[in-house]
2 protein chains.
Amino acid sequence: MAKRRKVGNLMALAVLSALVQQPMHPYQMASVLREHGKDQNMKIKWGSLYTVVQNLEKHGLIEATESVRQGGRPERTVYGITDAGRAELTDWVRELLSTPEQEQSRFTAALSVLAVLSPAEAADLLAQRLDALDKRFAGRQAALAEAARDVPRLFLVEEEYELAVAEAEIGFVRGLLGELTSGTFPGLADWQTFSETGVVPPELAELMERGLHPQ
Amino acid sequence: MAKRRKVGNLMALAVLSALVQQPMHPYQMASVLREHGKDQNMKIKWGSLYTVVQNLEKHGLIEATESVRQGGRPERTVYGITDAGRAELTDWVRELLSTPEQEQSRFTAALSVLAVLSPAEAADLLAQRLDALDKRFAGRQAALAEAARDVPRLFLVEEEYELAVAEAEIGFVRGLLGELTSGTFPGLADWQTFSETGVVPPELAELMERGLHPQ
DNA sequence: ATGCGTATACTCGTGAGCGAGTAATCAAAT
DNA sequence: ATTTGATTACTCGCTCACGAGTATACGCAT
């Protein structure tokens, strides 16, 4: 599934959703997005913003409505969403919502090459991560609670989701770290000797040959 | 933090980790990665693979050791990792492991524009997602259990992590869906009338003006 | 012996993504 | 009065990612 969108960048989604409210010029989009806390999850890349706006216009999803100049400032082109744009927006949301897609996280990548470090160092680094995760989580949770006082849930669900996932990551890291520090992680001794001497334990060597995930 | 890597693509990490085992040529890297189930999380893009290998060589992290031709096949260049490459690998893993970075997920993006759909449709789509998630989760869990019979935990942690996160997502979606179908989601009535009539409830209109996340 | 499908092993062109730079305006400070 | 620093508002050009295409060889059937 996941048909190719004319404009695939997720920033395009944000732009379309901003323009549904009212027409605006690119820089204003950025401000609005920032106000709505979208920049928390998605850093605003200036290059992308203007490229995306161009592409959206090229594909008729938005259109330049007017071009204002105030003072000696560079001219600002105001864009509005078209019917095609509105259609694309809802269709896109429908797809994103209904069909999960496995995305590659950097932490997953790190875990998949965990064996290049020694167990002790891995534990140390995981402890650092856990610390950072805990702090960040507390902050975000507080901010969410604060916002929930006057913003309806509907506009906070994405943050709730992120926090749910963050909590799961914290749990996982805490668990793994616990196993490493308590020494209950299975195969810890083999990993230890391998990292010290570079010697691959015999039962592992055989696995290397035939591949880890045989069908 | 997160200093710019000379080669930033995560496929480079996979390549380096493959070359730590033994020198090989690009196509073999792909095979090895596929055998180790890396293609599950990270689809192998041929263009990227060869670009990444080139870049790694350019920056001295790997080097061409020999160039074999067998039969009339195109010549295969065999690459080995350098000391600089080994250093980069461990340094990179250290960073990835210790410092969390918030990544933008497509589902988060979808949730942040949830209001463009009607509550009923949102519920319907979330139900579809939940279904897909459940199926995929069961499959992956079974595969993990199967693999765990002869592969050490050390090489399965990344899949355990993914499953932990997947479980959290399932829980979140199930919860949200429940609130929508049972009607207990706060502000559901407002959302409903807005989606039918396009009328923004007064207490919301005011929020729009001053921004959702004021500092 | 010849055709056909599949595995091997890349190459190349396109286009997307983005950081760093630019330049004007405005407010406050010296 | 003018220097400084922040805010507004973009532009440019490089790099990177990647899909689709290419071409050869091998095995198996006809």
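All chains are named by letter (A, B, ...) in the order of the sequence lines, taking the proteins before the strands, and each is independently numbered beginning at 1.
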Between B/Glu63 and B/Thr82, a side-chain donor and acceptor under 3.5 Å: no
Spacing of B/Met24 atom CE relative to C/dC10 atom C1', expressed in whole Å: 17 Å
Side chain to side chain donor-acceptor pair (under 3.5 Å) partners for B/Gln128, two or more places apart: none
Protein-nucleotide distance (B/Tyr79, atom OH; C/dC10, atom C1'), rounded to Å: 11 Å
Residues which pass side chain to side chain donor-acceptor pair (under 3.5 Å) with A/Glu121, listed by chain and number, not counting sequence neighbours: B/Arg94
With B/Tyr50 via ring-ring contact (aromatic ring centres under 6.0 Å, His included) - residues at least two apart: none
Rounded distance in Å - NZ (B/Lys45) to P (D/dG19): 5 Å
Euclidean distance, atom CZ of residue A/Arg34 to atom C1' of D/dA9 [Å, nearest integer]: 11 Å
Partner residues of B/Gln54 under the side chain to side chain contact (heavy atoms under 4.5 Å, CB included) criterion, sequence neighbours left out: none
Protein-nucleotide distance (A/Leu10, atom CG; C/dA16, atom P), rounded to Å: 15 Å
Residues forming a side chain to side chain contact (heavy atoms under 4.5 Å, CB included) with B/Glu57, sequence neighbours excluded: B/Ile62, B/Ala64, B/Tyr79
Distance below 4.0 Å between B/His25 side-chain N/O and C/dT8 OP1 or OP2: no
Sequence-distant partners of A/Phe107, side chain to side chain contact (heavy atoms under 4.5 Å, CB included), two or more places apart: A/Ser105, A/Leu111, A/Leu126, A/Arg129, A/Glu169, A/Phe172, A/Val173, B/Leu97, B/Tyr161
Nearest to side-chain heavy atoms of A/Asn9, which nucleotide of C/dC18, C/dC10, D/dC18: C/dC18
Non-neighbouring partners of A/Ala18 that pass side chain to side chain contact (heavy atoms under 4.5 Å, CB included), sequence neighbours left out: A/Met24, A/Leu33
First encountered from the 5' end of DNA chain D, between B/Trp46 and A/Trp46: A/Trp46
Degree of bending, the helix from C/dA1-D/dT30 to C/dT30-D/dA1 (end axes from five pairs; round to 10°): 10°
Rounded distance (Å) that lies between atom P of D/dG19 and atom CE of B/Met11: 11 Å
Between D/dC16 (P) and B/Arg5 (CZ): distance, integer Å: 15 Å
Close residues, residues 48-58 of chain A, relative to DNA chain C [heavy-atom separation under 4.0 Å]: A/Ser48, A/Thr51, A/Asn55
Side-chain N,O (B/Tyr27) to OP1/OP2 (C/dT8) below 4.0 Å: yes
Point-to-point distance, once rounded to the nearest 0.5 Å, from CD of B/Glu167 to CG of B/Leu133: 11.5 Å
